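Read the structure below first, then the notes.
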Amino acid sequence: MKKLVKAELKRVQKFAVDVTLDPDTAHPELILSDEGKQVKHGDVTKNLPNNPERFSIEPCVLGKQSFSSGRFYFEVQVKGKTEWDLGVARESINRKEDIPLSPQNGYWTVWLRNVKEYKALAQSHFRLSLKSQPQKVGVFVDYEEGLVSFYDVDAAALIYSFTGCSFKEKLFPYFCPSLNDGGLNSAPLIISPVGVN
């Protein structure tokens, strides 16, 4: 089984894309690195224009790159974090209200809460029992197939797959580093070069 997943991971890694964070979508409390590869929560609300694409309630940010066909893959380092959300979101999501993450609302995501509680945010939240805590998560989308898969890159293990999805608009990589939590969750989410451990 492990060998199969390892081969599958190698296959999807071939669809790696270069993702950078879009500062115009970032919640005002998020701190983005200059090169747009890292994001963390900063506890301080910056005075930024409340443009339509900016998240104003949830501490989230989207990737600059959007995809409306084909396959794409990216990896995110989640090491040292106690909470995070990752995945993809459709362009028309509501960015101004606290909307539950679910495919009906335009989000295909997994999250971590309380250091070790992993869930796939499907129609009903689906608790995941993982053998190890992922340090790096790979996200693969096949637009035409309606597939979103999440991988534990170092363990070469499949975390979860959303299947039978129906995509009708642009998808954007979605990142939520969650709150700083008094420094307990201060580590950034880092978009990593694929295939570099």
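Treat the numbers as computed from the prediction; the structure is a model and nothing was measured.
Using a 3.5 Å distance cut-off with no hydrogens or angles, the side chains of Glu35 and Thr20 do not pair a donor with an acceptor. Donor-acceptor pairing under 3.5 Å is lacking for the side chains of Tyr151 and Glu75. Side chains of Gln38 and Gln77: no donor on one and acceptor on the other come within 3.5 Å. Residues Thr45 and Glu29 have side chains that bring a donor and an acceptor to within less than 3.5 angstrom of each other. Judged purely by distance below 3.5 Å, without hydrogens or angles, the side chains of Asn185 and Asn180 never pair a donor atom with an acceptor atom.
Within the 3.5 Å criterion, the main-chain N or O of Phe172 finds no donor-acceptor partner in the side chain of Glu91. The closest donor-acceptor contact from the side chain of Asp22 to the backbone of Asp24 lies under 3.5 Å. Counting only distance, with no hydrogens or angles, the side chain of Arg54 and the backbone of Lys96 share no donor-acceptor pair below 3.5 Å. Although no hydrogens or angles enter the test, the distance criterion places no donor-acceptor pair under 3.5 Å between the side chain of Glu97 and the main chain of Ile57. Side-chain atoms of Ser68 never come within 3.5 Å of backbone atoms of Glu169 as a donor-acceptor pair (strictly under, hydrogens ignored). Of the possible donor and acceptor atoms, none in the side chain of Asp181 sits under 3.5 Å from a partner among the backbone N and O of Leu184. Between the side chain of Lys81 and the backbone N or O of Ala187 there is at least one donor-acceptor pair closer than 3.5 Å. In terms of modelled atom types and a separation under 3.5 Å, the side chain of Gln135 and the main chain of Gln133 share a donor-acceptor contact.
Linking ILVMFWY side-chain heavy atoms closer than 4.5 Å, directly or via other members, places Val39 and Leu86 in a single hydrophobic cluster. Taking hydrophobic clusters as Ile, Leu, Val, Met, Phe, Trp and Tyr residues chained together by side-chain heavy-atom distances below 4.5 Å, Val88 shares a cluster with Tyr160. By the criterion of side-chain heavy atoms lying less than 4.5 angstrom apart, applied directly or through intervening Ile, Leu, Val, Met, Phe, Trp or Tyr residues, Val148 is grouped together with Leu130 in one hydrophobic cluster. Both Val19 and Val76 sit in one connected hydrophobic cluster of ILVMFWY residues. Membership requires side-chain heavy atoms under 4.5 Å apart, directly or through other members. In terms of hydrophobic clustering, with Ile, Leu, Val, Met, Phe, Trp and Tyr side chains grouped at heavy-atom distances under 4.5 Å, Phe72 and Val194 are assigned to different clusters.
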Review point. Trp108 and Phe150: ring-ring contact (aromatic ring centres under 6.0 Å, His included), yes or no, with the steps?
Key: CA-CA 10 Å; Trp108 292 265; Phe150 296 84; over 10 Å; no
Exercise for review: Could you give me the CA-CA distance, side-chain angles and deciding distance for Phe167 and Val141, then say whether side chain to side chain contact (heavy atoms under 4.5 Å, CB included) is met?
Suggested key: CA-CA 11 Å; Phe167 303 129; Val141 177; 4.3 Å; yes
Check your understanding: Is there a side chain to side chain contact (heavy atoms under 4.5 Å, CB included) between Thr82 and Leu112 once you walk through the steps?
Key -> CA-CA 7 Å; Thr82 58; Leu112 167 68; 5.6 Å; no
Check your understanding: When you look at Arg113 and Asp85, which way does the salt bridge (charged side-chain N to carboxylate O under 4.0 Å, His left out) test go after all the steps?
Key -> CA-CA 9 Å; Arg113 293 290 181 270; Asp85 314 349; 2.9 Å; yes
Check your understanding: Given Tyr73 and Gln13, is the side chain to side chain contact (heavy atoms under 4.5 Å, CB included) satisfied, shown in steps?
Key -> CA-CA 6 Å; Tyr73 175 85; Gln13 282 176 327; 3.5 Å; yes
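Contact annotation: the side chain of Arg95 never approaches that of Ser56 to less than 4.5 Å [non-hydrogen atoms, C-beta and beyond]. Within the 4.5 Å cutoff, side-chain heavy atoms of Asp18 are placed close to those of Lys37. Counting heavy atoms from C-beta on, the side chains of Trp111 and Leu121 come closer than 4.5 Å. Residues Pro177 and Glu83 have side chains not in contact (no heavy-atom distance under 4.5 Å, counting atoms from C-beta outward). Between Pro173 and Val139, the closest side-chain pair of non-hydrogen atoms is not below 4.5 Å. With a 4.5 Å cut-off on side-chain heavy atoms, Thr109 and Phe162 do not count as touching. When side chains are defined from C-beta on, Ile191 counts as touching Leu21, because their heavy atoms get closer than 4.5 Å. Taking 4.5 Å as the limit, some side-chain heavy atom of Pro59 sits within range of a side-chain heavy atom of Cys176.
In this structure, Lys46 NZ and Ile31 CD1 are separated by 6.0 Å, a value rounded to the nearest 0.5 Å. To the nearest 0.5 Å, the span separating CD on Glu145 from OG on Ser161 amounts to 11.5 Å.
Taking both residues in full, the closest heavy atoms of Pro28 and Leu48 are given as CA-CD1, 3.9 Å, listed atom of the first, atom of the second, then distance. The two residues Ala156 and Val5 make their nearest non-hydrogen contact at O-CG1, 2.8 Å. A pairwise comparison of heavy atoms in Val153 and Gly138 identifies CG2-N, 3.5 Å as the closest pair. Of all the heavy atoms in Ser178 and His41, the pair that sits closest is O-CB, 3.2 Å. Between Cys60 and Leu30 the shortest heavy-atom distance is O-CD1, 3.3 Å. Scanning both residues, Val78 and Trp84, for their nearest heavy atoms gives CB-NE1, 3.4 Å.
For Asp152, the salt bridge (Lys or Arg N to Asp or Glu O under 4.0 Å) test picks out no residue, with sequence neighbours left out.
Look at Asp142 and Arg71 and you find a salt bridge, because one of the NZ, NE, NH1 or NH2 atoms lies within 4.0 Å of a carboxylate O, short of that distance.
Here the two rings, on Phe67 and Tyr143, have centers that are 6.0 Å apart or farther. Note: Phe74 and Phe175 meet the aromatic proximity criterion, with ring centroids under 6.0 Å apart.
Below 30°, between 30° and 60°, or above 60°: for Tyr107 and Tyr174 the angle between ring planes is above 60°, a perpendicular geometry.
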